[in-house]
Visitor: 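I have a structure here, written as structure tokens, and I will follow up with some questions on it.
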Amino acid sequence: VFLFFTCPTKLDMSRIDSICEYNMYLLLLASAVCAAASFADDGAWTNGGKKRPNIVFLHDESTDGRLYLPDSPAGIPIPNIRSLQARGVNFENHYVNVPICCPSRSSMWSGRQPHNVHHMHNGLWVRGAWNNYEGVGINNTSPGVNEEMLIGPNLEKAGYSVSIQGKTDWVSGGHDLTTMVDSWSIYARFPYSVPEQGGFHIWGECGGNLSVLPGNESAHKGDWNALAVGTKWITEIGSKAQPFFAYQGFNIVHPDYNTSQVYIDRIDRSKIKIPFWRPLNELHPCDLQTTLKKGCALPVSYQNTTQHKQDVIAGYYAMIAEYDDMVGAYIKTVEDSGLTSSTIFVLSSDHGDMQMQHQQFYKMVAYEASSHVPLVIAAGSDFTSYKFRGGVRHLTSHVDMFPTFMELAGAPLPDGLDGTSLVPFLVSGESPKQPTSVISQFHGENLVMSWYMVPFTLLDGAVPHTASLRIPDCYPVHPIGNLSCSADRKSTFCVLSGGKACGRLFLCNSTVVCTHLTAPILHLRCSVHVNRR
């Protein structure tokens with residue numbers, strides 16, 4: 001069946017978007033009905049007699065996963081997200097494999113570590129999604145990893161009706177070429193001076209000014225518009241063509257820090273902890289370089305005052321509160337459609353935000369605020385085998401999402417995936433197959449360096465810990481929190497003894513820092529091996 005819809009060439013331009021959107025909506029409806037009919041005789045709603053879930057996957061921007069923890073001191077009002085956590089699993093130590101937009105999504109949607117996202121771009125064979133200019137191949141016929149190999153097409157092949165709404169941003173070339181060039185170069189002002197001219201910086205002026213619109217006027221209308229299309233699809237198409245996979249990518253909570261009065265009023269500023277900023281000459285060299293690149297080393301002005309830091313953090317929290325309302329709209333749509341028991345909700349984010357910690361905002365760096373993101377999976381009551389409720393402290397990462405979706409859908413796993421399905425955690429809260437370490441890496445703009453972050457579990461049942469490798473220099477990194485450390489530059493391992501809370505590992509021309517040890521551990525050795533392809 002061939003269906004052709006066109007937008008009229010002569011009409012009131014104020015109506016063209018709605019008319020074109022309506023024609024596209026009809027096309028989606030026809031496609032979904034045809035797809036549902038083609039799979040009806042094959043039992044698409046079941047897999048070997050086992051009911052297959054509908055899946056709603058909501059993926060926002062820039063969310064620090066620690067803010068979703070039940071004991072988060074931020075106290076952001078997120079009742080809808082909390083409701084999903086209460087009837088599902090909250091993965092408390094989930095990390096992105098690249099803490100920036102396009103590489104993070106391309107890694108997650110392809111189920112591959114960024115160094116394994118090999119693809120063609122501009123006629124060149126690119127061995128990885130190394131920076132924000134690179135993702136998967138531009139078309140479905142290009143060699144290497146391309147769009148046809150992602151989660152959505154694989155679910156379609158397995159009989160799912162699929163809706164992709166909002167921000168995608170997993171294809172190469174979606175960002176400006178400067179995001180590649182700036183990965184190995186720095187724009188510097190001359191004469192060079194710190195802090196009179198702020199050194200070198202190219203983006204954001206340290207987060208800029210908080211913008212608050214009056215009343216309930218949203219600063220994120222694009223997300224709400226995509227939500228309207230996505231929820232309508234569930235009501236009118238997905239509910240009639242089950243099982244379905246409904247995805248929306250959100251631009252919220254990405255800087256700039258724009259919100260509205262109704263959401264900023266929900267934030268208790270007394271709970272905002274203002275990060276302490278050290279004098280520039282006391283900063284770790286990597287932090288200093290990033291601080292300069294992000295415009296956070298300007299002379300004394302609003303951009304580096306306590307008020308500015310609080311405003312930025314308050315605006316950031318307010319955007320998370322607005323996103324919670326968006327999650328609530330999807331929950332209500334599923335409930336109103338009578339699909340709550342047959343639907344699994346999945347929430348996550350493409351990276352975090354530094355929230356003025358370590359003298360910077362934005363993302364891209366080897367710190368928890370930037371690389372640690374939320375993951376919530378809440379199954380409907382029809383799926384009684386997914387009975388675990390609560391928090392999972394095991395280490396997980398975005399490459400685990402692809403095999404998780406395939407197992408939930410009863411779909412075969414394609415070759416070449418790097419992750420491990422998280423479905424066993426939904427059953428019992430444990431998974432013997434889950435690796436004890438994950439890796440996050442970045443080699444792009446606002447850094448002009450390469451670094452690796454390697455969270456790893458040292459002992460069974462222990463809280464995961466983190467090692468940060470930064471190239472090319474060898475110097476100690478300030479640990480997070482009030483930790484006591486010692487180091488031997490000749491060591492190839494670190495020894496923690498006498499209840500010390502931290503250890504350091506020096507390797508060649510890089511530095512590893514073990515952080516987040518919360519329990520006394522005696523005579524413990526840790527080692528890290530990184531294979532950069």
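Quantities reported herein were computed from a predicted structural model and do not represent experimental measurements.
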Visitor: Using 30° and 60° as the class boundaries, would you call the ring planes of Phe425 and Phe91 parallel, tilted or perpendicular?
Guide: perpendicular
Visitor: Is the His94 to Tyr68 ring centre distance short of 6.0 Å?
Guide: no
Visitor: Any donor and acceptor pair, going by atom type alone, linking the side chain of Ser370 with main-chain N or O of Met364 inside 3.5 Å?
Guide: yes
Visitor: For a quick test of reading the model, state the closest non-hydrogen atom pair linking Ser172 to Gly135 and the distance between them.
Guide: OG-N, 2.8 Å
Visitor: What are the two closest heavy atoms between Cys206 and Gly295, and how far apart are they?
Guide: CB-O, 3.3 Å
Visitor: If the plane angle is over 60° it's perpendicular, under 30° parallel, otherwise tilted; pick one for Trp170 and Tyr247.
Guide: tilted
Visitor: Where do Val171 and Gly137 come nearest, in terms of heavy atoms and distance?
Guide: CG1-O, 3.9 Å
Visitor: Is the Phe57 to Phe405 ring centre distance short of 6.0 Å?
Guide: yes
Visitor: Could you walk me through whether Ser397 and Asn97 pass the side chain to side chain donor-acceptor pair (under 3.5 Å) test, one step at a time?
Guide: CA-CA 7 Å; Ser397 72; Asn97 303 101; 3.2 Å; yes
Visitor: Are the side chain of Ser349 and the backbone N or O of Asp60 linked by a donor-acceptor pair below 3.5 Å?
Guide: yes
Visitor: Shortest non-hydrogen contact from Pro374 to Ser348?
Guide: O-OG, 2.7 Å
Visitor: Is His220 reaching over with its side chain to a backbone N or O of Asn258, donor-acceptor style, under 3.5 angstrom?
Guide: yes
Visitor: Working note: Asp311 + Tyr316, criterion side chain to side chain donor-acceptor pair (under 3.5 Å); need CA distance, chi angles, decisive distance, verdict.
Guide: CA-CA 8 Å; Asp311 286 348; Tyr316 175 71; over 6 Å; no
Visitor: Begin with the C-alpha distance, continue with both residues' side-chain angles, and end with the deciding distance and a verdict on side chain to side chain donor-acceptor pair (under 3.5 Å) for Arg269 and Gln310.
Guide: CA-CA 8 Å; Arg269 289 196 178 222; Gln310 187 186 75; 3.1 Å; yes
Visitor: Are Glu61 and Arg105 ion-paired here, with the side-chain N under 4.0 Å from a carboxylate O?
Guide: yes
Visitor: Are Leu69 and Glu92 packed together at the side-chain level, in the sense that at least one heavy-atom pair is separated by less than 4.5 angstrom?
Guide: yes
Visitor: Parallel, tilted or perpendicular, judged at 30° and 60°: which one describes the rings of Tyr133 and His121?
Guide: tilted
Visitor: Among Arg112, His118, Gln113, which residue satisfies the side chain to side chain contact (heavy atoms under 4.5 Å, CB included) criterion with His115?
Guide: Gln113
Visitor: Tell me if a side-chain donor or acceptor on Thr404 pairs with a main-chain N or O of Leu422 at a distance below 3.5 Å.
Guide: yes
Visitor: Less than 4.0 Å between a side-chain N and a carboxylate O, is that true for Asp325 and Arg266?
Guide: yes
Visitor: Could you go step by step and tell me if Gln355 and Asp64 meet the side chain to side chain donor-acceptor pair (under 3.5 Å) rule?
Guide: CA-CA 9 Å; Gln355 308 152 68; Asp64 180 348; 3.0 Å; yes
Visitor: If we ignore hydrogens and angles and just use 3.5 Å, is the side chain of Trp277 paired with the main-chain N or O of Met356 as donor and acceptor?
Guide: yes
Visitor: Going by heavy atoms in the side chains, are Tyr367 and Asp287 under 4.5 Å from each other?
Guide: yes
Visitor: With a 4.5 Å cut-off on side-chain heavy atoms, are Pro73 and Lys271 touching?
Guide: no
Visitor: Which heavy-atom pair separates Asp350 from Ser62 by the least distance, and what is that distance?
Guide: OD1-N, 3.2 Å
Visitor: Is it true that a side-chain atom of Arg389 and a backbone atom of Arg87 form a donor plus acceptor pair closer than 3.5 Å?
Guide: yes
Visitor: List in chain and number order the residues that pass side chain to side chain contact (heavy atoms under 4.5 Å, CB included) with Asn251, two or more places apart in sequence or in another chain; answer none if no residue qualifies.
Guide: Lys167, Asp223
Visitor: Would you say Ile439 and Tyr95 make side-chain contact, with heavy atoms under 4.5 Å?
Guide: no
Visitor: Which class fits the ring pair His398 and His59: parallel under 30°, tilted 30 to 60°, perpendicular over 60°?
Guide: tilted
